[in-house]
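Labels below follow one simple rule: chain letters A, B, ... track the order of the sequence lines, proteins then strands, and each chain is numbered from 1.
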Amino acid sequence: MKGSANGMRALRGGASRYSIFALARNALSYHENWQKAWRSPEPKPEYDVIIVGGGGHGLATAYYLASVHGIRNIAVVEKGWVGGGNTGRNTTIIRSNYLWDESAGIYEHALKLWEGMSQELNFNVMFSQRGVLTLAHSEHELKEMRRRVEAIRLNGIDSEVMSPAQIKQLVPIIDTNPGIRYPVMGGFIQRRGGTARHDAVAWGYARAADDLGVDIIQNCEVTGILRDGGKVTGIETNRGTIKAKKVGVVTAGHSGVVASMAGLNLPIDSRPLQALVSEPIKPCIDTVVMSNAVHMYISQSDKGELVFGAGVDSYNSYSQRGSIPTVEGLLAAAVELYPIVSRLRVLRTWGGIVDTCPDASPIISKTPVDGLYFNCGWGTGGFKATPGSGHVFADLIARDEPNAIAAPFSLKRFETGYLIDEHGAAGVAH
Amino acid sequence: MSGQSFRIRDKGRIDRSKPVRFTFDGKSYEGFEGDTLASALIANGVHLIGRSFKYHRPRGILAAGSEEPNALIQLGGGNKSEPNLRATQIEIFDGLEAASQNRWPCLKFDVGAVNSVFHRLFPAGFYYKTFMWPASLWLKYEHVIRHAAGLGKAPPDRDPDRYEKVHAHADVLIVGGGPAGLAAALAAGKTGARVILADETADWGGSLLSESDCEIDGKEPARWVEESVAELEAMPEVTLVKRCTITGYYDHNYLTGLERVSDHLGAAPEHTPRQRLWKIRAKRVVLATGALERPLVFTDNDRPGVMLSSAVRTYVNRYGVLPGRKTVIFTNNDDAYRTALALEDAHGRVAAIVDVRTSVTGPLADAVRAKGITVYENHGIVSVQGTQKVTSVEVMQLDANGTGVTGTAKSVNCDLIAMSGGWNPTVHLFSQSKGKLTWDTEMAAFIPGTASQALASTGACNGTMGLADSLKEGLKLGAEAAREAGHKGRAPAAPKATEPEQGGLRPLWITPGKAKLGRKGKHFVDFQNDVTAADVQLAAREGYRSVEHLKRYTTTGMGTDQGKTSNVNALAILSDVLASDIPAVGTTTFRPPYTPATIGAYTGRNVGKLFEPVRKTRIDEWARANGAKFEHVGQWMRAWYFPKQGETFRQAIDREVKAVRDGCGILDASTLGKIDIQGPDAAEFLNRIYTNAWLKLGVGRCRYGLMLKEDGMVMDDGVTTCIGENHYHMTTTTGGAANVLSWLEEWHQTEWPDLKVFFSSVTEQWSVVAINGPKSRAVLQKLCEDVDFSAEAFPFMAMKEGTVAGIPARLYRISFTGELSFEINVPARYGLALWEALMEAGKEFDITPYGTETMHVLRAEKGFIIVGQETDGTVNPLDLGMDWIVSKKKPDFVGKRSLERESMASPDRKQLVGLLTEDPQTVLPEGGHVVEKLKPEPPMEMLGHVTSSYYSPNCGRSIAMALIKGGHARHGQTLHVPLEDKVVKVTVTEPRFFDLEGERIDG
Ligand SMILES: Cc1cc2nc3c(=O)[nH]c(=O)nc-3n(C[C@H](O)[C@H](O)[C@H](O)COP(=O)(O)OP(=O)(O)OC[C@H]3O[C@@H](n4cnc5c(N)ncnc54)[C@H](O)[C@@H]3O)c2cc1C
């Protein structure tokens, strides 16, 4: 490996590097001299590696292929605009306090990369380590919590148990009255967890990858995967054929569709996941709070919007919207736990299509087609994995072999049965 | 200030006989019933209403409806307080308290306005480029940014008001009660169709209420509205809903609406909710949502006193207030000329009309000129003076292509600028319905194209701008919609309508200023979020070329007005930079709700006790009266234990546990899931769902079964009994009941529809009392004479029907404790009677009521698993040492194939074992993890975790179960459970601790 993923590599030198000084300098010329964050090149006839899908995971993969593995002839092809899929729709919760060792491995790897991301990319992704608090509402949940907290601790990851009184102090708007339907009986917090600006993650990776020569090709939809004798040779797109030695597919909710272009059938279920924001209000909640029992979680964006999320809608769909009953259930739960939100107003609701494996863990894997790789199945919780996922996927593509972190997430596990079931353990898995 | 000095004497629909007092920022004012807060403030000459989001610039009132971006208000105080309301939509009532937002210490002098001074450092997206060093400081920067942002404040505590939901069906739902919508409703209503007509405002008539220069059938438009509404009200199948914003358009013509039932009254009258959420399923929808006027993008176009031209007309004609005494009109079309005439008519002076069109002719221009008003053709406003209220403007001639100005600037004094940049049809709902928009070059706007649901658009929202055409089209589409919904009838003849004739517009998306864009003054595109034309250009220059990138990078259109006044302007400016057609650049997606909708309304009555009501058994009352402690189990509240006076938790549990084994205990087991299964293929179905054999279970016999998911992992367990031929009674775990029922249905409906079998949940139909312990037979015998209880006649795993305490019952001889035990099922309503009879009969045997905790200890002593405790979706039957229950002979069952996978037999799997602590008094915490190689510090490798752990009074020591890697081969090994404060040494054993030979089952 060349360079370190975590290192403070100064990507852009000179005039195009972002800083307060650059802002001041550009202010003098009325901001008329800023350069493009990334180019919009025409596709070349052939690349060493093509990444399909310009979400955070795809762009991160391209960036690490270039920065860590020194591969420069790379394209990212995106059917719409970069970050327009789930990357730009998610509620940006970042944490690594997962139960199973395999999950803790990848998410903690990601969290460490988050901690240096703005500096590495020279783009402020507003990674805000404001803490992620998970509530327990029954004796049973307290026991489950204990199990998770102990596992997290023994994996060397930070976590703190909190009493209802400590929770009330941290989150004054929460109703800790023991008489409510789902009383707050305790919780645990990962202080290093938090949120980030989702668009900035896509843009930051796009800009940094572009800087290393990666072609980012938007409005380019993949319609076929070209193969020759069990080996990938390129892709068919609405802008023509592009050849490639290797193809990495990172298309989240549409992974099943793209896989079928290569004759593959992925164990993926695609369903709408909804989120919504309130109108902006002055700060009233400083951390992220999740509750599995009532299937809702809440945080407040820097603009002041309360960001709410729920569980997935219960039907399969590729239409990027969900149903009203899910929203009603989510908001009823919100009012139950945070009574002050009742008079606030919903500003925007939306949905994204999430790709879920039967064991609720991702796929980072080679496929039966040589040179074709898939990274998907992140379901409702892959934003937090973005840098880690891109980093290990790049490694897999470059070396044609998974490293220790990626290995458990191979497609093979559905044949062998070595599943990493995060369902029971994770509940609302954001 | 003298009251209401800007009131026009003889105009407006307010009720002058009903004065209303209200306060704004603590100062008291008077308005009239029928005023909005905006019109009442204008009547009092108040124009500075708020501060903008980023630069904290002083802002006034831009619009007269829900598109208002600037005039945001914090309404009321205490728990009824509400942030971010638009002054243009608040109907005033006596005692209303309004306050401005986002300013400190006060509106006139706001410290945050320093942002305005450093504005050159803050172009669009500046925060992505800085605040990165040192990394550790971002949380501090963020703290400051968060406090500067955020608009209004949340109320301090619980909402005192009530909300409701309405579920409605309609043949035709008509959205919007302007001329087109009323016409559609009349035509549809006449066919007898069930019609719902909804409008966002407090009055019917829409734009008609703002006009004084048109006629319908020779009548004033307001008269026509009144008559039409009266006609509609007389139609029994027509429902009219005012103050109801249709907020969302979902699949299958399903729409939501928010009705503000009593907000305008200040307080909700008794038995009246504050707001209602409408959920409407309509066969056909007619959208008649009108159009929104576009601002012009010129230098400092955000100053208080800059208003949309149509809003000015609304204030004059509908509310009878004068937004300014001396007005400059700035326009690119004829419609603003109507505003000039309306102002003149109301004794306001029009200082000049500035028109970007090169030559202006036609009847409206003639009429204006006839009044002696100067029209500056091919001119633009290049500067605006007055920061807290407009005082004058400078006007210059445009150059040949409209990108610069020439000549000298003329200064015109004024206190109001009425601007019009043309109209955007309100296509939000159409777009939400997934209809495709098309670009109309003549209007320079998006109009509805191909629809994808059963809907029609009419009037201005369809790009039909003329009154006569709107009425005609509304009637036609209303009748058509009713016919499509199955009714008969034709459209009535259209009334004759007259209004001033208008010419075309000149879309000039940016009005050039004296300096290059972005160098002097600000050309605002999105007022609320402070996005300027220069920001849009910067974003495009930096490569944020998709509309969505533009929105997200600059935040244009992301405010509480959702870009109603800014989206098309932003898009046009972007496409200019990209030198591309507007439609090629695209439109943004409109996301519901159309206007922000109260969270409480989505919640409705599902708050407090009605938020997921708790389920209770028939015996709950008795348990409460007898001092039980409770725990939540799934949706149920279950008795956890029954402490006696002064007993600790441990003492109570020890007593209960011992009582069961020594004599007799009684448990309310009513919460267990119960499913009645019938049909000739019932046995076959069970045989496929459970892992063991079910084809030969005799009538009156019970069997324990394990259900797996497709992946071979344990999903649920329970005893199922053959009640009669083709009739079974299945029990499930308490928490799993609903899941299991849908699981059975799913397999039946999707995989094996050929099987004749039916399922009904009977959980609520039976009360179940379990009586356990060597004395249980003796107790039961006292109450039941028609059953032979001898072990031979009534063996373990049998069911008999009988009469217990006079109640018809099913008795199951099954056991979750290893003791002699009966589960008595009676029709639910007899549950308490049965319980009390058993308590009475058991007195002499010291019968002891116990709860879930004792149940857990007892079953753990015997090594019985609890699904969800010993299992978590990753545990197969072999891991549990339950190979005996997995049939080797059956051709198939759910999960069988997965069990054959390589990993399932791996010796490294986590397997269920018992753990005995070195010190018998130490009770391990459940959830603790077991390690083999202890290290002084984490990380260390975990083998698995403690699933169950109790003190067992019957064993005289602590007992625990755990799932650990390769556990079955580790019996006898010593391992460690490292806890935060100590390490507990444990020995691995069989997961069974008491009555290892199973000798107690017959009592
Ligand atoms: C409402 C919601 C809330 C969420 N909240 C959280 C959260 O709080 N925390 C968290 O960690 N995760 C969350 N997630 C999940 C998270 O968003 C995703 O797991 C993650 O963003 C996936 O990233 P990605 O780059 O793989 O996918 P995407 O960003 O979806 O990128 C895939 C890209 O592939 C493109 N594509 C698809 N088909 C083709 C084709 N044929 N040709 C070319 N391009 C194609 C798409 O246009 C898209 O841009 C949430 C998701 C949703 C929907």
Side-chain angles (χ1 to χ4, degrees), chain A residues 18-20 23-24 27 30-31 34 36-38 81 84 118-119 123-124 128 138-139 143 146-147 150-151 153-156 181 199-200 279-284 302-304 324 327-328 331-332 335-336 339-350 358 416-419 421 423-425, chain B residues 82-84 120-121 123 126-132 135 142 145-147 149-155 158-159 518-519 538 542-543 546 548-549 552 560 591-593 596-600 602-603 606-607 611-612 631-632 872-874 901-904 925-929 938-940 942 945:
Chain A
Y18 292 161
S19 69
I20 182 74
L23 267 172
Y30 299 92
H31 301 289
W34 288 107
K36 282 203 172 23
W38 59 87
W81 35 281
S118 293
Q119 291 71 29
F123 202 98
N124 188 355
S128 167
S138 65
E139 288 296 325
K143 287 178 182 170
R146 179 87 192 216
R147 175 184 178 195
E150 292 287 338
R153 186 174 62 83
L154 292 174
N155 267 323
R181 176 65 179 88
D199 296 325
E279 293 183 333
I281 49 165
K282 290 291 174 196
C284 69
D302 287 349
K303 263 194 88 178
I324 273 287
V327 170
E328 293 177 278
L331 291 175
V335 171
E336 173 74 2
I340 68 154
V341 306
S342 174
R343 287 181 97 81
L344 303 180
R345 287 183 301 271
V346 175
L347 174 57
R348 266 192 308 279
T349 66
W350 67 89
T416 62
Y418 287 107
L419 302 179
D421 197 313
H423 271 303
Chain B
E82 208 183 350
N84 307 343
R120 274 176 63 190
L121 281 179
F126 73 96
Y127 29 73
Y128 300 122
K129 295 175 178 154
T130 183
F131 301 135
M132 283 180 270
E142 186 181 47
I145 292 174
R146 286 186 65 199
H147 282 79
L151 300 176
K153 294 198 186 83
R158 197 171 290 277
D159 188 345
R519 300 205 170 195
L538 171 66
E542 290 194 272
S546 115
E548 285 294 332
H549 281 164
R552 288 153 181 261
T560 63
R591 286 166 167 169
T598 314
I599 286 175
Y602 287 94
T603 305
N606 296 10
V607 288
F611 168 72
E612 292 194 16
E631 70 166 333
H632 287 280
D872 59 5
T874 68
R901 291 179 298 184
E902 132 195 356
S903 66
M904 293 294 159
E926 287 172 1
H929 288 260
M940 46 190 129
M942 291 168 261
H945 75 289

Item checked: Test item: side-chain donor near acceptor, Arg120(B) and His31(A), under 3.5 Å -> no
Would you give the length of the straight line joining atom [atom1] of [X] to atom [atom2] of [Y], rounded to the nearest 0.5 angstrom?
| X | Y | atom1 | atom2 | answer |
| --- | --- | --- | --- | --- |
| His549(B) | Asp199(A) | NE2 | CG | 7.0 Å |
| Asn84(B) | Leu344(A) | CG | CG | 8.5 Å |
| Asp159(B) | Ile340(A) | CG | CD1 | 11.0 Å |
| Lys153(B) | Ile281(A) | NZ | CD1 | 11.0 Å |
| Glu82(B) | Arg345(A) | CD | CZ | 4.5 Å |
| Leu347(A) | Thr560(B) | CG | OG1 | 7.0 Å |

Next item on the list: Measure from the side-chain N and O atoms of Lys282(A) to the backbone N and O of His147(B), and report whether any donor-acceptor pair falls under 3.5 Å.
Entry: yes
Next item on the list: Say whether, by atom type as modelled, one donor and one acceptor occur between the side chain of Thr416(A) and the main chain of Ser903(B) under 3.5 angstrom.
Entry: no
Tell me which of these, [options], has more heavy-atom pairs under 4.5 Å with chain B than the rest.
| options | result |
| --- | --- |
| Val327(A), Leu23(A), Val341(A), Leu154(A) | Leu154(A) |
| Gly156(A), Gly304(A), Ala332(A) | Ala332(A) |
| Arg146(A), Arg348(A), Arg181(A), Lys143(A) | Arg181(A) |
| Pro280(A), Ala24(A), Ser138(A), Pro339(A) | Pro280(A) |
| Ala151(A), Ala200(A), Gly84(A), Cys284(A) | Ala151(A) |

Minimum heavy-atom distance between [X] and [Y], given as atom pair plus value:
| X | Y | result |
| --- | --- | --- |
| Thr349(A) | Arg591(B) | O-CB, 3.5 Å |
| Gly543(B) | Lys36(A) | N-CG, 4.3 Å |
| Met904(B) | Gly417(A) | CE-O, 4.3 Å |
| Met132(B) | Asn124(A) | SD-N, 3.4 Å |
| Glu542(B) | Tyr18(A) | OE2-OH, 3.7 Å |

Quick check on [X] against chain A: is it the side chain, the backbone, both or neither that has a heavy atom closer than 4.5 Å?
| X | result |
| --- | --- |
| Pro592(B) | both |
| Glu612(B) | both |
| Thr598(B) | both |
| Leu538(B) | side chain |

Next item on the list: Look at Glu142(B), Glu926(B), Met940(B) and state which one has the largest set of heavy-atom pairs under 4.5 Å with chain A.
Entry: Glu142(B)
Margin query: If we define contacts as heavy-atom pairs under 4.5 Å, which of Gly600(B), Pro123(B), Pro83(B) has the most with chain A?
Written below: Pro123(B)
Next item on the list: If the plane angle is over 60° it's perpendicular, under 30° parallel, otherwise tilted; pick one for Phe123(A) and Tyr128(B).
Entry: parallel
